[in-house]
Protein chains: 2
Amino acid sequence: MTSRLDIHNSDIPVLCRACEARHRGVCGALNPQQLKELAKTSTRKALDSGIELVSEAEPAESYANILSGVVKLTKTMADGRQQIVGLQFAPDFIGRPFRDENMIRAEAATDVHVCAFPKRALDRMIAQSPELGHRLHLQALNELDEARDWMLTLGRKTAAEKVASFLHLIARHVDPEIEAKGTVVFDLPLTRADIADFLGLTIETVSRQITKLRTEGVIAVENNRHVTVFSLERLEDRANL
Amino acid sequence: MTSRLDIHNSDIPVLCRACEARHRGVCGALNPQQLKELAKTSTRKALDSGIELVSEAEPAESYANILSGVVKLTKTMADGRQQIVGLQFAPDFIGRPFRDENMIRAEAATDVHVCAFPKRALDRMIAQSPELGHRLHLQALNELDEARDWMLTLGRKTAAEKVASFLHLIARHVDPEIEAKGTVVFDLPLTRADIADFLGLTIETVSRQITKLRTEGVIAVENNRHVTVFSLERLEDRANL
DNA sequence: GTCGATTGTTGATCGAAATCAAGGAAAATA
DNA sequence: TATTTTCCTTGATTTCGATCAACAATCGAC
(Lines give C-alpha, C1' and ligand atoms only; values in the text may rest on other atoms or scores of the structure.)
Protein backbone atom coordinates (compact mmCIF):
# COMPACT_ATOMS: atom_id res chain seq x y z
CA MET A 1 0.00 0.00 0.00
CA THR A 2 2.88 2.39 0.59
CA SER A 3 6.01 0.90 -0.95
CA ARG A 4 7.58 2.95 -3.70
CA LEU A 5 10.34 1.86 -6.03
CA ASP A 6 12.37 4.45 -7.90
CA ILE A 7 14.64 3.44 -10.76
CA HIS A 8 16.68 6.10 -12.46
CA ASN A 9 16.06 5.88 -16.15
CA SER A 10 18.96 4.99 -18.43
CA ASP A 11 16.92 3.28 -21.13
CA ILE A 12 15.41 5.84 -23.47
CA PRO A 13 13.78 3.47 -25.95
CA VAL A 14 11.83 1.71 -23.23
CA LEU A 15 10.97 5.01 -21.65
CA CYS A 16 9.41 6.29 -24.82
CA ARG A 17 8.05 3.33 -26.70
CA ALA A 18 4.72 3.67 -24.97
CA CYS A 19 4.34 7.34 -25.84
CA GLU A 20 3.92 7.09 -29.60
CA ALA A 21 0.27 6.22 -29.93
CA ARG A 22 -2.93 8.21 -29.86
CA HIS A 23 -1.38 11.65 -29.47
CA ARG A 24 -0.83 11.06 -25.80
CA GLY A 25 2.28 11.14 -23.71
CA VAL A 26 5.13 13.50 -24.37
CA CYS A 27 8.10 11.50 -25.64
CA GLY A 28 6.87 11.06 -29.20
CA ALA A 29 6.88 14.82 -29.65
CA LEU A 30 10.50 15.32 -28.70
CA ASN A 31 13.60 15.18 -30.88
CA PRO A 32 16.58 13.00 -29.87
CA GLN A 33 18.38 15.88 -28.22
CA GLN A 34 15.38 16.85 -26.14
CA LEU A 35 14.85 13.22 -25.18
CA LYS A 36 18.43 12.99 -23.98
CA GLU A 37 17.98 16.18 -22.01
CA LEU A 38 14.74 14.98 -20.44
CA ALA A 39 16.13 11.51 -19.68
CA LYS A 40 18.73 13.11 -17.43
CA THR A 41 16.07 14.19 -14.93
CA SER A 42 13.40 11.56 -15.53
CA THR A 43 12.85 8.62 -13.21
CA ARG A 44 10.84 5.47 -13.64
CA LYS A 45 8.62 4.58 -10.72
CA ALA A 46 6.58 1.54 -9.81
CA LEU A 47 3.58 2.58 -7.73
CA ASP A 48 1.36 0.17 -5.83
CA SER A 49 -2.36 0.55 -6.22
CA GLY A 50 -3.69 3.22 -3.88
CA ILE A 51 -0.61 5.44 -4.06
CA GLU A 52 -1.34 9.12 -4.63
CA LEU A 53 0.41 10.75 -7.58
CA VAL A 54 -1.14 14.21 -7.29
CA SER A 55 -2.83 15.63 -4.22
CA GLU A 56 -6.17 17.43 -4.22
CA ALA A 57 -4.65 20.10 -2.01
CA GLU A 58 -1.10 20.98 -3.04
CA PRO A 59 0.14 21.62 -6.57
CA ALA A 60 2.22 18.81 -8.07
CA GLU A 61 5.95 19.30 -8.46
CA SER A 62 6.30 16.79 -11.27
CA TYR A 63 4.67 15.42 -14.39
CA ALA A 64 4.49 11.78 -15.45
CA ASN A 65 3.78 9.50 -18.37
CA ILE A 66 1.90 6.31 -17.59
CA LEU A 67 3.85 3.28 -18.82
CA SER A 68 1.41 0.66 -17.56
CA GLY A 69 -1.61 0.43 -15.27
CA VAL A 70 -4.56 2.72 -14.68
CA VAL A 71 -4.71 6.02 -12.81
CA LYS A 72 -7.99 7.46 -11.51
CA LEU A 73 -8.67 11.19 -11.17
CA THR A 74 -11.03 11.94 -8.31
CA LYS A 75 -12.86 14.86 -6.76
CA THR A 76 -14.08 14.76 -3.19
CA MET A 77 -16.71 16.80 -1.36
CA ALA A 78 -16.30 18.00 2.21
CA ASP A 79 -18.60 15.24 3.50
CA GLY A 80 -16.65 12.51 1.72
CA ARG A 81 -18.78 11.94 -1.36
CA GLN A 82 -16.44 11.13 -4.22
CA GLN A 83 -16.55 11.18 -8.00
CA ILE A 84 -14.00 9.77 -10.41
CA VAL A 85 -13.75 12.39 -13.16
CA GLY A 86 -11.31 10.57 -15.41
CA LEU A 87 -9.36 7.38 -15.99
CA GLN A 88 -5.90 7.47 -17.50
CA PHE A 89 -4.21 4.58 -19.26
CA ALA A 90 -0.77 4.19 -20.80
CA PRO A 91 0.59 6.22 -22.49
CA ASP A 92 -1.36 9.15 -21.04
CA PHE A 93 0.33 12.21 -19.63
CA ILE A 94 -0.43 13.12 -16.02
CA GLY A 95 -0.18 16.71 -14.92
CA ARG A 96 -1.53 20.16 -15.38
CA PRO A 97 0.67 22.54 -17.37
CA PHE A 98 0.17 26.32 -17.06
CA ARG A 99 -1.70 26.18 -13.81
CA ASP A 100 -0.97 25.15 -10.25
CA GLU A 101 -4.26 24.95 -8.43
CA ASN A 102 -6.08 21.98 -9.85
CA MET A 103 -8.15 20.59 -7.02
CA ILE A 104 -7.98 17.09 -8.38
CA ARG A 105 -6.48 13.95 -6.97
CA ALA A 106 -4.62 11.39 -9.10
CA GLU A 107 -4.29 7.93 -7.59
CA ALA A 108 -3.03 4.59 -8.87
CA ALA A 109 -6.12 2.43 -9.40
CA THR A 110 -3.96 -0.61 -10.17
CA ASP A 111 -0.25 -1.15 -9.73
CA VAL A 112 1.22 1.46 -12.05
CA HIS A 113 4.52 2.19 -13.77
CA VAL A 114 5.19 5.80 -14.65
CA CYS A 115 8.00 7.85 -16.06
CA ALA A 116 8.20 11.02 -13.97
CA PHE A 117 9.75 14.37 -14.96
CA PRO A 118 10.42 17.40 -12.77
CA LYS A 119 7.80 20.01 -13.59
CA ARG A 120 10.40 22.69 -14.20
CA ALA A 121 12.37 20.74 -16.80
CA LEU A 122 9.35 19.83 -18.84
CA ASP A 123 7.82 23.32 -18.58
CA ARG A 124 11.03 24.67 -20.12
CA MET A 125 10.77 22.15 -22.92
CA ILE A 126 7.12 22.98 -23.56
CA ALA A 127 8.07 26.63 -23.97
CA GLN A 128 10.70 25.64 -26.54
CA SER A 129 8.90 22.95 -28.49
CA PRO A 130 5.64 23.88 -30.26
CA GLU A 131 5.25 20.23 -31.25
CA LEU A 132 5.25 19.21 -27.59
CA GLY A 133 2.77 21.94 -26.69
CA HIS A 134 0.58 20.77 -29.53
CA ARG A 135 0.74 17.18 -28.30
CA LEU A 136 -0.42 18.26 -24.85
CA HIS A 137 -3.13 20.40 -26.42
CA LEU A 138 -4.43 17.35 -28.29
CA GLN A 139 -4.50 15.29 -25.11
CA ALA A 140 -6.42 18.04 -23.32
CA LEU A 141 -8.98 18.06 -26.15
CA ASN A 142 -9.28 14.27 -25.96
CA GLU A 143 -9.81 14.39 -22.23
CA LEU A 144 -12.41 17.12 -22.72
CA ASP A 145 -14.31 14.91 -25.19
CA GLU A 146 -14.16 11.99 -22.78
CA ALA A 147 -15.34 14.14 -19.86
CA ARG A 148 -18.30 15.41 -21.88
CA ASP A 149 -19.22 11.93 -23.06
CA TRP A 150 -19.24 10.86 -19.44
CA MET A 151 -21.41 13.82 -18.42
CA LEU A 152 -24.16 12.39 -20.63
CA THR A 153 -23.72 9.02 -18.90
CA LEU A 154 -23.79 10.56 -15.41
CA GLY A 155 -26.71 12.88 -16.05
CA ARG A 156 -29.04 10.87 -18.22
CA LYS A 157 -28.37 7.13 -18.16
CA THR A 158 -29.95 4.48 -15.90
CA ALA A 159 -27.87 2.31 -13.55
CA ALA A 160 -28.01 -0.58 -16.03
CA GLU A 161 -26.86 1.67 -18.89
CA LYS A 162 -24.11 3.16 -16.75
CA VAL A 163 -22.60 -0.20 -15.85
CA ALA A 164 -22.77 -1.39 -19.46
CA SER A 165 -21.18 1.89 -20.57
CA PHE A 166 -18.36 1.38 -18.10
CA LEU A 167 -17.63 -2.17 -19.23
CA HIS A 168 -17.71 -0.97 -22.81
CA LEU A 169 -15.25 1.81 -22.00
CA ILE A 170 -12.80 -0.68 -20.50
CA ALA A 171 -13.30 -3.18 -23.34
CA ARG A 172 -12.66 -0.44 -25.88
CA HIS A 173 -9.44 0.43 -24.09
CA VAL A 174 -8.23 -3.15 -24.09
CA ASP A 175 -8.56 -3.23 -27.86
CA PRO A 176 -9.32 0.12 -29.54
CA GLU A 177 -9.62 -1.57 -32.94
CA ILE A 178 -12.23 -4.00 -31.69
CA GLU A 179 -15.02 -5.20 -33.95
CA ALA A 180 -18.45 -4.51 -32.53
CA LYS A 181 -19.35 -8.20 -32.46
CA GLY A 182 -16.34 -9.98 -30.98
CA THR A 183 -15.60 -11.39 -27.57
CA VAL A 184 -13.33 -9.40 -25.25
CA VAL A 185 -11.53 -10.54 -22.12
CA PHE A 186 -9.90 -8.31 -19.53
CA ASP A 187 -9.24 -7.73 -15.86
CA LEU A 188 -11.24 -4.94 -14.30
CA PRO A 189 -8.81 -2.22 -13.22
CA LEU A 190 -11.29 -0.90 -10.64
CA THR A 191 -12.95 -2.25 -7.51
CA ARG A 192 -16.73 -2.11 -7.15
CA ALA A 193 -16.28 0.97 -4.96
CA ASP A 194 -14.25 2.67 -7.70
CA ILE A 195 -16.79 1.75 -10.36
CA ALA A 196 -19.53 3.19 -8.15
CA ASP A 197 -17.55 6.43 -7.77
CA PHE A 198 -17.04 6.56 -11.51
CA LEU A 199 -20.72 5.99 -12.31
CA GLY A 200 -22.31 8.03 -9.51
CA LEU A 201 -23.90 4.92 -7.97
CA THR A 202 -23.54 2.81 -4.81
CA ILE A 203 -21.50 -0.39 -4.73
CA GLU A 204 -24.68 -2.39 -4.13
CA THR A 205 -26.29 -1.09 -7.30
CA VAL A 206 -23.13 -1.76 -9.31
CA SER A 207 -22.98 -5.29 -7.92
CA ARG A 208 -26.62 -5.97 -8.77
CA GLN A 209 -26.25 -4.70 -12.33
CA ILE A 210 -23.14 -6.80 -12.92
CA THR A 211 -25.01 -9.83 -11.58
CA LYS A 212 -27.86 -9.05 -13.98
CA LEU A 213 -25.49 -8.91 -16.96
CA ARG A 214 -24.03 -12.24 -15.79
CA THR A 215 -27.34 -14.05 -15.43
CA GLU A 216 -28.46 -12.69 -18.78
CA GLY A 217 -25.38 -14.13 -20.46
CA VAL A 218 -23.86 -10.87 -21.66
CA ILE A 219 -20.70 -11.30 -19.59
CA ALA A 220 -18.92 -13.83 -17.39
CA VAL A 221 -16.95 -12.88 -14.28
CA GLU A 222 -14.29 -14.85 -12.40
CA ASN A 223 -12.75 -13.85 -9.09
CA ASN A 224 -14.68 -10.55 -9.21
CA ARG A 225 -12.10 -9.15 -11.60
CA HIS A 226 -11.61 -11.27 -14.70
CA VAL A 227 -14.36 -10.38 -17.18
CA THR A 228 -15.39 -11.99 -20.47
CA VAL A 229 -17.67 -9.93 -22.67
CA PHE A 230 -19.40 -12.44 -24.95
CA SER A 231 -20.92 -9.91 -27.33
CA LEU A 232 -19.76 -6.34 -27.51
CA GLU A 233 -22.79 -5.61 -29.64
CA ARG A 234 -25.17 -6.74 -26.92
CA LEU A 235 -23.19 -4.70 -24.41
CA GLU A 236 -23.54 -1.63 -26.60
CA ASP A 237 -27.29 -2.20 -26.74
CA ARG A 238 -27.42 -2.26 -22.94
CA ALA A 239 -25.34 0.91 -22.79
CA ASN A 240 -27.58 2.65 -25.33
CA LEU A 241 -24.54 3.82 -27.28
CA MET B 1 -36.69 31.54 -34.11
CA THR B 2 -34.99 31.36 -37.47
CA SER B 3 -33.98 34.89 -38.45
CA ARG B 4 -30.29 35.46 -38.91
CA LEU B 5 -28.59 38.80 -39.32
CA ASP B 6 -25.11 38.99 -40.78
CA ILE B 7 -23.06 42.16 -40.53
CA HIS B 8 -19.66 42.22 -42.14
CA ASN B 9 -17.15 43.38 -39.63
CA SER B 10 -15.35 46.65 -40.28
CA ASP B 11 -14.79 47.57 -36.67
CA ILE B 12 -11.80 45.72 -35.27
CA PRO B 13 -11.70 47.34 -31.82
CA VAL B 14 -15.29 46.36 -31.11
CA LEU B 15 -14.68 42.91 -32.51
CA CYS B 16 -11.86 42.25 -30.15
CA ARG B 17 -12.57 44.21 -27.00
CA ALA B 18 -14.39 41.25 -25.49
CA CYS B 19 -11.57 38.81 -26.12
CA GLU B 20 -8.99 40.20 -23.72
CA ALA B 21 -10.14 38.70 -20.48
CA ARG B 22 -9.77 35.30 -18.86
CA HIS B 23 -7.56 33.77 -21.56
CA ARG B 24 -10.55 33.05 -23.72
CA GLY B 25 -11.38 34.11 -27.25
CA VAL B 26 -8.78 34.47 -29.94
CA CYS B 27 -8.38 38.15 -30.73
CA GLY B 28 -6.23 39.03 -27.76
CA ALA B 29 -3.57 36.62 -28.96
CA LEU B 30 -3.15 38.15 -32.41
CA ASN B 31 -0.88 40.94 -33.57
CA PRO B 32 -2.31 43.91 -35.52
CA GLN B 33 -1.39 42.40 -38.86
CA GLN B 34 -3.08 39.08 -38.06
CA LEU B 35 -6.14 40.91 -36.79
CA LYS B 36 -6.37 42.84 -40.04
CA GLU B 37 -6.02 39.59 -41.97
CA LEU B 38 -8.68 37.86 -39.90
CA ALA B 39 -11.06 40.81 -40.02
CA LYS B 40 -11.20 40.46 -43.80
CA THR B 41 -13.02 37.15 -43.54
CA SER B 42 -14.79 37.53 -40.22
CA THR B 43 -18.46 38.37 -39.91
CA ARG B 44 -20.52 39.48 -36.96
CA LYS B 45 -23.79 37.64 -36.53
CA ALA B 46 -26.83 38.15 -34.34
CA LEU B 47 -28.42 34.80 -33.58
CA ASP B 48 -31.84 34.38 -32.02
CA SER B 49 -32.16 31.97 -29.14
CA GLY B 50 -32.58 28.43 -30.41
CA ILE B 51 -30.38 28.85 -33.48
CA GLU B 52 -27.87 26.07 -34.00
CA LEU B 53 -24.24 27.13 -34.36
CA VAL B 54 -22.68 23.69 -34.67
CA SER B 55 -24.51 20.50 -35.58
CA GLU B 56 -24.16 17.20 -33.73
CA ALA B 57 -23.86 15.44 -37.09
CA GLU B 58 -21.72 17.40 -39.54
CA PRO B 59 -18.38 19.06 -38.81
CA ALA B 60 -18.49 22.84 -38.49
CA GLU B 61 -17.08 24.95 -41.29
CA SER B 62 -16.41 27.96 -39.10
CA TYR B 63 -15.26 29.07 -35.68
CA ALA B 64 -16.73 31.89 -33.60
CA ASN B 65 -16.09 34.13 -30.63
CA ILE B 66 -19.06 34.90 -28.44
CA LEU B 67 -19.54 38.67 -28.08
CA SER B 68 -22.67 38.50 -25.94
CA GLY B 69 -25.23 35.95 -24.80
CA VAL B 70 -24.94 32.31 -23.77
CA VAL B 71 -24.36 29.23 -25.92
CA LYS B 72 -25.19 25.73 -24.68
CA LEU B 73 -23.32 22.61 -25.76
CA THR B 74 -25.57 19.56 -25.81
CA LYS B 75 -25.35 15.83 -26.35
CA THR B 76 -28.39 13.80 -27.31
CA MET B 77 -29.12 10.07 -27.07
CA ALA B 78 -30.99 8.16 -29.77
CA ASP B 79 -34.19 8.16 -27.71
CA GLY B 80 -34.08 11.92 -27.16
CA ARG B 81 -32.58 12.15 -23.69
CA GLN B 82 -30.39 15.24 -23.60
CA GLN B 83 -27.54 16.56 -21.50
CA ILE B 84 -26.01 20.02 -21.60
CA VAL B 85 -22.25 19.40 -21.31
CA GLY B 86 -21.10 23.00 -21.27
CA LEU B 87 -22.19 26.63 -21.19
CA GLN B 88 -20.19 29.26 -23.02
CA PHE B 89 -20.25 32.97 -22.27
CA ALA B 90 -18.54 35.96 -23.89
CA PRO B 91 -15.70 36.01 -24.81
CA ASP B 92 -15.45 32.24 -25.20
CA PHE B 93 -14.24 30.64 -28.39
CA ILE B 94 -16.60 28.15 -30.10
CA GLY B 95 -15.15 25.41 -32.24
CA ARG B 96 -12.97 22.36 -32.28
CA PRO B 97 -9.52 22.80 -33.77
CA PHE B 98 -7.54 19.75 -34.99
CA ARG B 99 -10.53 17.46 -35.33
CA ASP B 100 -13.69 17.33 -37.38
CA GLU B 101 -15.98 14.79 -35.78
CA ASN B 102 -17.11 16.25 -32.51
CA MET B 103 -20.58 14.83 -31.91
CA ILE B 104 -21.64 17.88 -29.99
CA ARG B 105 -24.31 20.46 -30.70
CA ALA B 106 -23.83 24.17 -30.01
CA GLU B 107 -27.03 26.20 -29.75
CA ALA B 108 -27.81 29.77 -28.76
CA ALA B 109 -29.44 29.56 -25.31
CA THR B 110 -30.24 33.27 -25.38
CA ASP B 111 -30.07 35.77 -28.22
CA VAL B 112 -26.38 35.75 -29.05
CA HIS B 113 -23.88 37.93 -30.89
CA VAL B 114 -20.85 36.19 -32.30
CA CYS B 115 -17.89 37.00 -34.45
CA ALA B 116 -17.47 34.13 -36.92
CA PHE B 117 -14.29 33.13 -38.81
CA PRO B 118 -13.95 30.63 -41.64
CA LYS B 119 -12.33 27.50 -40.20
CA ARG B 120 -9.64 27.47 -42.87
CA ALA B 121 -8.41 31.02 -42.23
CA LEU B 122 -8.13 30.55 -38.50
CA ASP B 123 -6.52 27.10 -38.81
CA ARG B 124 -3.81 28.71 -40.92
CA MET B 125 -3.29 31.35 -38.28
CA ILE B 126 -3.13 28.79 -35.48
CA ALA B 127 -0.36 27.01 -37.36
CA GLN B 128 1.59 30.27 -37.59
CA SER B 129 0.98 31.74 -34.18
CA PRO B 130 2.14 29.78 -31.10
CA GLU B 131 0.57 32.46 -28.90
CA LEU B 132 -2.81 31.78 -30.48
CA GLY B 133 -2.40 28.02 -30.11
CA HIS B 134 -1.47 28.57 -26.50
CA ARG B 135 -4.55 30.68 -25.94
CA LEU B 136 -6.77 27.93 -27.31
CA HIS B 137 -4.89 25.36 -25.21
CA LEU B 138 -5.65 27.38 -22.09
CA GLN B 139 -9.33 27.58 -22.95
CA ALA B 140 -9.43 23.81 -23.51
CA LEU B 141 -7.87 23.28 -20.07
CA ASN B 142 -10.40 25.67 -18.51
CA GLU B 143 -13.27 23.84 -20.15
CA LEU B 144 -11.82 20.54 -18.95
CA ASP B 145 -11.76 21.84 -15.37
CA GLU B 146 -15.33 23.03 -15.68
CA ALA B 147 -16.48 19.72 -17.17
CA ARG B 148 -14.86 17.78 -14.33
CA ASP B 149 -16.33 20.09 -11.68
CA TRP B 150 -19.72 19.45 -13.21
CA MET B 151 -19.18 15.69 -13.23
CA LEU B 152 -19.02 15.82 -9.44
CA THR B 153 -22.30 17.76 -9.43
CA LEU B 154 -23.99 15.33 -11.83
CA GLY B 155 -22.76 12.17 -10.16
CA ARG B 156 -22.89 12.94 -6.47
CA LYS B 157 -25.09 15.93 -5.61
CA THR B 158 -28.76 15.94 -4.63
CA ALA B 159 -31.38 17.83 -6.63
CA ALA B 160 -31.34 20.70 -4.12
CA GLU B 161 -27.54 20.92 -4.30
CA LYS B 162 -27.59 20.78 -8.08
CA VAL B 163 -30.00 23.69 -8.45
CA ALA B 164 -28.05 25.76 -5.93
CA SER B 165 -24.84 24.89 -7.77
CA PHE B 166 -26.36 26.03 -11.04
CA LEU B 167 -27.52 29.37 -9.63
CA HIS B 168 -24.10 29.84 -8.10
CA LEU B 169 -22.45 29.12 -11.45
CA ILE B 170 -24.54 31.78 -13.15
CA ALA B 171 -24.05 34.27 -10.32
CA ARG B 172 -20.30 33.73 -10.48
CA HIS B 173 -20.38 34.42 -14.19
CA VAL B 174 -22.30 37.66 -13.75
CA ASP B 175 -19.59 38.90 -11.45
CA PRO B 176 -16.43 36.78 -11.23
CA GLU B 177 -15.00 39.06 -8.54
CA ILE B 178 -18.04 38.66 -6.33
CA GLU B 179 -17.75 38.69 -2.57
CA ALA B 180 -19.15 35.56 -0.97
CA LYS B 181 -21.67 37.53 1.05
CA GLY B 182 -23.16 40.02 -1.38
CA THR B 183 -26.47 40.15 -3.21
CA VAL B 184 -26.45 39.29 -6.94
CA VAL B 185 -29.10 40.01 -9.53
CA PHE B 186 -29.30 38.49 -13.00
CA ASP B 187 -31.58 37.11 -15.69
CA LEU B 188 -31.48 33.35 -16.06
CA PRO B 189 -30.04 32.56 -19.48
CA LEU B 190 -31.75 29.15 -19.50
CA THR B 191 -35.32 27.90 -19.41
CA ARG B 192 -36.39 25.34 -16.81
CA ALA B 193 -36.04 22.65 -19.48
CA ASP B 194 -32.46 23.75 -20.20
CA ILE B 195 -31.62 23.85 -16.50
CA ALA B 196 -33.01 20.32 -16.17
CA ASP B 197 -30.87 19.14 -19.09
CA PHE B 198 -27.84 20.78 -17.51
CA LEU B 199 -28.44 19.21 -14.09
CA GLY B 200 -29.66 15.77 -15.16
CA LEU B 201 -33.10 16.38 -13.60
CA THR B 202 -36.69 16.90 -14.77
CA ILE B 203 -38.28 20.33 -15.14
CA GLU B 204 -40.67 19.54 -12.30
CA THR B 205 -37.84 18.83 -9.89
CA VAL B 206 -36.01 22.00 -10.96
CA SER B 207 -39.19 24.01 -10.46
CA ARG B 208 -39.79 22.55 -7.01
CA GLN B 209 -36.24 23.25 -5.88
CA ILE B 210 -36.40 26.84 -7.11
CA THR B 211 -39.69 27.28 -5.28
CA LYS B 212 -38.07 25.89 -2.14
CA LEU B 213 -35.18 28.36 -2.38
CA ARG B 214 -37.77 31.12 -2.85
CA THR B 215 -39.93 30.19 0.13
CA GLU B 216 -36.83 29.85 2.27
CA GLY B 217 -35.73 33.36 1.38
CA VAL B 218 -32.46 32.47 -0.34
CA ILE B 219 -33.56 33.95 -3.68
CA ALA B 220 -36.38 35.96 -5.24
CA VAL B 221 -37.69 35.32 -8.76
CA GLU B 222 -39.72 37.62 -11.02
CA ASN B 223 -41.24 36.61 -14.35
CA ASN B 224 -39.57 33.20 -14.09
CA ARG B 225 -36.29 34.72 -15.27
CA HIS B 226 -35.17 37.64 -13.16
CA VAL B 227 -33.38 36.28 -10.10
CA THR B 228 -32.12 38.00 -6.97
CA VAL B 229 -29.73 36.01 -4.83
CA PHE B 230 -29.93 37.53 -1.36
CA SER B 231 -26.94 35.76 0.10
CA LEU B 232 -24.33 34.06 -2.01
CA GLU B 233 -22.97 32.52 1.15
CA ARG B 234 -26.27 30.80 1.90
CA LEU B 235 -26.44 29.66 -1.71
CA GLU B 236 -22.98 28.13 -1.42
CA ASP B 237 -24.10 26.29 1.70
CA ARG B 238 -27.04 24.84 -0.24
CA ALA B 239 -24.72 23.84 -3.07
CA ASN B 240 -22.27 22.22 -0.65
CA LEU B 241 -19.36 24.05 -2.31
C1' DG C 1 -57.75 43.33 -26.47
C1' DT C 2 -58.64 37.71 -27.44
C1' DC C 3 -56.88 33.33 -28.61
C1' DG C 4 -53.55 29.78 -28.75
C1' DA C 5 -49.10 28.09 -27.71
C1' DT C 6 -45.43 27.74 -24.82
C1' DT C 7 -43.49 27.63 -20.25
C1' DG C 8 -43.74 27.06 -15.38
C1' DT C 9 -45.99 25.44 -10.95
C1' DT C 10 -48.10 22.27 -7.90
C1' DG C 11 -50.15 17.86 -6.31
C1' DA C 12 -50.64 12.68 -6.28
C1' DT C 13 -48.52 8.49 -7.21
C1' DC C 14 -44.89 5.40 -8.67
C1' DG C 15 -40.47 3.36 -9.21
C1' DA C 16 -35.37 3.07 -9.46
C1' DA C 17 -31.69 3.41 -6.75
C1' DA C 18 -30.18 4.33 -1.91
C1' DT C 19 -29.94 2.70 2.52
C1' DC C 20 -29.94 -0.73 6.06
C1' DA C 21 -28.60 -5.30 7.21
C1' DA C 22 -26.53 -9.82 6.98
C1' DG C 23 -23.59 -13.13 5.28
C1' DG C 24 -20.10 -15.19 1.99
C1' DA C 25 -15.72 -15.21 -0.69
C1' DA C 26 -11.17 -13.76 -1.37
C1' DA C 27 -6.94 -11.69 0.13
C1' DA C 28 -3.76 -10.25 3.58
C1' DT C 29 -1.52 -11.16 7.95
C1' DA C 30 0.02 -13.74 11.46
C1' DT D 1 -2.89 -23.19 8.56
C1' DA D 2 -5.73 -20.20 11.13
C1' DT D 3 -7.46 -15.50 11.58
C1' DT D 4 -8.56 -11.05 10.40
C1' DT D 5 -9.77 -7.77 7.12
C1' DT D 6 -11.34 -6.30 2.87
C1' DC D 7 -14.34 -6.85 -0.87
C1' DC D 8 -18.49 -8.47 -2.93
C1' DT D 9 -23.25 -10.21 -3.06
C1' DT D 10 -28.01 -10.55 -1.84
C1' DG D 11 -32.35 -9.35 0.55
C1' DA D 12 -35.67 -6.02 2.90
C1' DT D 13 -37.07 -1.44 3.25
C1' DT D 14 -37.02 3.46 2.45
C1' DT D 15 -36.54 7.62 -0.06
C1' DC D 16 -35.71 10.91 -3.58
C1' DG D 17 -36.72 12.20 -7.85
C1' DA D 18 -39.55 10.70 -12.01
C1' DT D 19 -43.88 10.33 -13.90
C1' DC D 20 -48.64 11.44 -14.51
C1' DA D 21 -51.98 15.02 -14.35
C1' DA D 22 -54.10 19.46 -13.95
C1' DC D 23 -53.79 24.16 -14.02
C1' DA D 24 -51.68 28.99 -14.00
C1' DA D 25 -48.83 32.45 -16.02
C1' DT D 26 -46.49 34.43 -19.81
C1' DC D 27 -45.69 35.45 -24.47
C1' DG D 28 -46.79 36.10 -29.43
C1' DA D 29 -49.82 36.62 -33.17
C1' DC D 30 -53.71 38.40 -34.91
Side-chain angles (χ1 to χ4, degrees), chain A residues 1-3 48-50 79-83 109-111 153-167 187-216 219-227 238 240, chain B residues 1-3 48-50 79-83 109-111 153-167 187-216 219-227 238 240:
Chain A
M1 197 64 158
T2 47
S3 82
D48 287 349
S49 127
D79 60 10
R81 278 176 284 176
Q82 240 185 351
Q83 176 69 42
T110 64
D111 291 353
T153 300
L154 287 173
R156 289 306 187 193
K157 289 192 182 174
T158 64
E161 290 168 340
K162 284 178 175 181
V163 170
S165 297
F166 167 73
L167 292 172
D187 284 319
L188 282 177
L190 302 187
T191 64
R192 300 292 185 273
D194 282 338
I195 298 172
D197 281 345
F198 192 37
L199 297 172
L201 298 171
T202 60
I203 56 176
E204 292 96 329
T205 299
V206 170
S207 182
R208 278 185 249 270
Q209 294 301 333
I210 288 178
T211 300
K212 204 170 117 207
L213 287 172
R214 251 192 320 103
T215 58
E216 292 170 339
I219 63 172
V221 183
E222 291 156 51
N223 287 338
N224 295 335
R225 304 224 93 169
H226 192 72
V227 174
R238 303 311 184 91
N240 246 308
Chain B
M1 198 66 158
T2 49
S3 82
D48 287 349
S49 124
D79 61 8
R81 277 175 284 175
Q82 241 184 352
Q83 176 68 45
T110 63
D111 292 352
T153 300
L154 287 173
R156 288 305 185 193
K157 289 192 183 176
T158 64
E161 289 167 342
K162 284 179 175 181
V163 170
S165 296
F166 167 73
L167 292 172
D187 284 318
L188 282 177
L190 301 187
T191 64
R192 299 294 185 273
D194 283 337
I195 298 170
D197 281 345
F198 193 38
L199 297 173
L201 298 172
T202 59
I203 54 176
E204 293 95 328
T205 299
V206 171
S207 183
R208 278 185 249 270
Q209 294 301 334
I210 289 178
T211 299
K212 205 170 115 208
L213 287 173
R214 250 192 320 103
T215 59
E216 292 171 340
I219 62 171
V221 183
E222 291 156 50
N223 289 337
N224 295 334
R225 305 225 91 170
H226 193 72
V227 174
R238 303 312 184 93
N240 246 308

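In what follows, chains carry the letters A, B, and so on, assigned in the order in which the sequence lines appear, proteins first and then strands, with residues in each chain numbered from 1.
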(request) May I ask you to evaluate whether B/Asn224 reaches the phosphate of C/dT9, defined as a side-chain N or O under 4.0 Å from OP1 or OP2? (result) yes
Between protein and nucleotides 27-30 of chain D, what N or O pairs are separated by less than 3.5 Å?
none

(message) Applying a 4.0 Å non-hydrogen cut-off, can you work out what A/Ser207 is touching in the nucleic acid: base, sugar-phosphate, or nothing?
(response) base
(request) Classify every nucleotide of nucleotides 13-21 of chain C by which part a protein heavy atom approaches to under 4.0 Å, writing B for the base, S for the sugar-phosphate alone and - for neither, in 5'-to-3' order. (result) ----SSBB-
(message) Could you report the tightest heavy-atom contact between B/Glu161 and B/Arg156, atom names first, then the distance?
(response) OE1-O, 4.4 Å
(message) Keeping A/Asp79 on the side-chain end and A/Arg81 on the backbone end, is there a donor-acceptor pair under 3.5 Å?
(response) yes
(request) Starting at atom CD1 of A/Ile195, determine the distance to atom P of D/dC7, rounded to an integer number of angstrom. (result) 13 Å
(request) Please say which of A/Ile195, A/Ile210, A/Leu201 ends up in a side chain to side chain contact (heavy atoms under 4.5 Å, CB included) with A/Phe166. (result) A/Ile195
(request) Kindly say whether A/Asn224 contributes a backbone atom to a donor-acceptor pair with the side chain of A/Arg192 at under 3.5 angstrom? (result) yes
(request) Find the bend of the helix from C/dG1-D/dC30 to C/dA30-D/dT1 as the angle between its two terminal axes (five pairs each), to the nearest 10°. (result) 50°
(message) For A/Ala109 versus A/Leu190, what's the shortest heavy-atom pair and its separation?
(response) CB-CD2, 3.6 Å
(request) Check whether any side-chain N or O of A/Gln83 sits under 3.5 Å from a backbone N or O of A/Phe198 as a donor-acceptor pair, and report yes or no. (result) yes
(request) Starting from P on D/dA24, measure out to CZ on B/Arg192 and report it in whole angstrom. (result) 18 Å
